[in-house]
Number of protein chains: 2
Amino acid sequence: MSRLNLEQLRTFLAIVRLGGVRRAADTLNVTQPAVTSRLKNLEDTLGAELFERSTTGVRLTKRGELLVRYAERFEELAALVEKDVMDPEAVEGTLRIGVSETIAQCWLPELIAELHKAYPALVVEVNVDISVNLRAGLMGREIDLAVLLGPISDYSVNNVELPGFDLAWYRAVNAPEPEEGPAGYLRGPVVTYARNTRPYRELKAALFERYGAGVSIFPSSSLSACFRLVEVGLGVAALPRALGRQFVESGRLCEFDPGWLPAPLRFSASWLGEPQSHVAETAAKIARDVAERFAAERPSGDKNS
Amino acid sequence: MSRLNLEQLRTFLAIVRLGGVRRAADTLNVTQPAVTSRLKNLEDTLGAELFERSTTGVRLTKRGELLVRYAERFEELAALVEKDVMDPEAVEGTLRIGVSETIAQCWLPELIAELHKAYPALVVEVNVDISVNLRAGLMGREIDLAVLLGPISDYSVNNVELPGFDLAWYRAVNAPEPEEGPAGYLRGPVVTYARNTRPYRELKAALFERYGAGVSIFPSSSLSACFRLVEVGLGVAALPRALGRQFVESGRLCEFDPGWLPAPLRFSASWLGEPQSHVAETAAKIARDVAERFAAERPSGDKNS
DNA sequence: AGAGGTTACGGGCAGCGTAAGGATC
DNA sequence: GATCCTTACGCTGCCCGTAACCTCT
């Protein structure tokens, strides 16, 4: 029989973590028989069954449990080598990034550019979605790094906090000021982020508390659509000032102060600790740098920053 | 390019330890271009040169120095897996054992049998030689485990002390007793172990001290030849009682007491710590067990044990 | 010339994908 | 039938060995 092999161990870990040969095959981008074959070879070189096969899936044997620890150490070691001795130019593979739309509109291009500079041979896959979906994708190992609202408090997730985005209220240029002053705009339709997002929920709760159930909210899954909706006078919106400024400067929107402002949006870059990817970690740090540079160049608080 | 590979790392370490591609190829039992190729692949996946090539050989680069640590940890880890999770029946490969002739005549067969029982798939290669050559073979990585006289005091060598072999003096059955008593035998020719062995040197020194330069010593590289030489009356000999007893019992030799006896032969099982072979370690412990059983069954000291 | 390492090239085998084969719910 | 894993089988591509080459001492 052949000797111990890193690819076999990686495959073994994938089976353990995903709880099945089929799922391992999917995320490893090989066919399912290939995974069966690798597993069989590993079991042959070790001379022991690693899983109890059942029709519902596989379950680790005692020997398998033992091997997990060692396989993880092999994985850590391989990650360390990649980090410490590999030339970044030689780092290959795919990094699957998921970002919220706000990020996509603000500094995603800079992030991609920096990543490409750091790892020229790395393929970067981008996915724009709302945070709750990104979180699910991360936990399901469909993406490697997520930039989303709020840290993910899960023992297996690493988070890097990013500078917040201050929000501001925007209205159409020609919107007539209500009798009760700017705060009256909030009775009218309020455009905001999509349902199932944290800003949506917070805004809805705050408006409900202030004005009761009668307030009409227009959620939109597209951030730029939000701006357009405000521009054409459908309603007002609390959106990142970093994005709204250009509309104000070009005379398409007006900022106003109703006396209350939702809390800034706090993003974090999050990645799973378990498959030990130093690339994801480095990418998260690059994201932090890019975000901080963005915040410094475009201070989003006109008054209080 | 392909990914990191344990075989490449093993090859890398062999080149580092043996100081050259050619020598690595020899001990890895592959051709020299194969080693070149593995090295090149490793360098490609890391995107860095690991050695500075010169006509006189190779020398580690800075990156290479870095990698050595990691490669060693991979090696340790692989050894741990072999030790802790592999079924012993699945352990393959070759264990090259070197033993002194005394061991070969006493309990080598038992050792081989025990080893084969513990690792049925392991090929055991035996080499009988004098201790100084065994030591050289061990240091030169030509053998994996040596059972030889005295521990090897080198930082890279692990030693397991084995029970000693008491010696006894033997003479031919019909040898006339000298006028001065049994001690007079020692003036006559004394047969002993080969030149360049410790027993030879010690015996020669002791006899020289007692009887001056006139003593004639017959070194023999074959232990059984020693017994035969004594048997035919060429001289006397101080040899392991464990081996001599059968000659005495069959009436072919007599034991006598000249009032002085060389110190017991103290053997140790020694193996290199560096290529981290748990098989060699286990084999050394098996050797200790076998040796102790041998000593217990055949107590070599008739009087003082 | 001999010791070191690299390059060129053909063949064998490991490992992959496709397709078919159980087994259990 | 649906889901999961295994077996069978042909093919591709990697890696090895042979042989020729380069470069210093």
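In what follows, every heavy atom counts, from backbone to side chain, and hydrogens, waters and symmetry copies are set aside. Every chain is numbered from 1, with letters handed out A, B, ... down the list of sequences.
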Which is it for A:Trp107 and A:Val147 under the side-chain contact (heavy atoms from CB on, under 4.5 Å) test, yes or no, and what are the steps along the way?
CA-CA 11 Å; A:Trp107 45 259; A:Val147 183; 3.9 Å; yes

Less than 4.0 angstrom between a side-chain N/O of [X] and OP1 or OP2 of [N], yes or no?
X       : N      : value
B:Arg22 : C:dG5  : no
B:Thr36 : C:dG5  : no
A:Asn41 : C:dA14 : no
A:Arg53 : D:dT6  : yes

Interatomic distance, [X] [atom1] vs [N] [atom2] [rounded to whole Å]:
X       : N      : atom1 : atom2 : answer
B:Leu28 : D:dC15 : CG    : P     : 16 Å
A:Leu18 : D:dC4  : CG    : P     : 13 Å
A:Phe12 : D:dC5  : CZ    : C1'   : 17 Å
B:Glu52 : C:dG5  : CD    : P     : 14 Å
A:Arg59 : D:dC4  : CZ    : C1'   : 16 Å
A:Glu49 : D:dC5  : CD    : P     : 14 Å
B:Leu42 : D:dC15 : CG    : C1'   : 15 Å
A:Asp44 : C:dG15 : CG    : C1'   : 14 Å

Quick one: ring pair (Phe, Tyr, Trp, His ring centres under 6.0 Å) pairs with a partner in residues 30-54 of chain B, sequence neighbours left out?
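Qualifying pairs: B:Phe12-B:Phe51.
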
CZ (A:Arg53) with more than 12 external heavy atoms under 6.0 Å:
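Buried by this count: over 12 neighbours within 6.0 Å.
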
Looking at B:Arg96 and B:Arg141, would you say the former's side chain and the latter's main chain have a donor-acceptor pair under 3.5 Å?
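Here the side-chain-to-backbone pair exists.
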
Under 3.5 Å donor-acceptor, B:Gln276 side chain and B:Ala79 backbone
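Checked: no pair found.
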
In the 5'-to-3' direction, what one-character label does each nucleotide of nucleotides 16-24 of chain C receive under the scheme B = base within less than 4.0 Å of a protein heavy atom, S = sugar-phosphate only, - = no such atom?
SBBB----B

State, to 0.1 Å, how close B:Leu272 and B:Asn158 come at their nearest heavy-atom pair, and which atoms those are.
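Minimum heavy-atom separation between B:Leu272 and B:Asn158: C-OD1, 4.0 Å.
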
5' priority, DNA chain C, between B:Lys40 and B:Arg23 [closest heavy atom]
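Its nearest nucleotide lies further toward 5', so the answer is B:Arg23.
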
Salt bridge (Lys or Arg N to Asp or Glu O under 4.0 Å), that's the test. Do B:Arg63 and B:Glu43 meet it? Break it down for me.
CA-CA 10 Å; B:Arg63 279 285 174 84; B:Glu43 288 180 327; over 6 Å; no

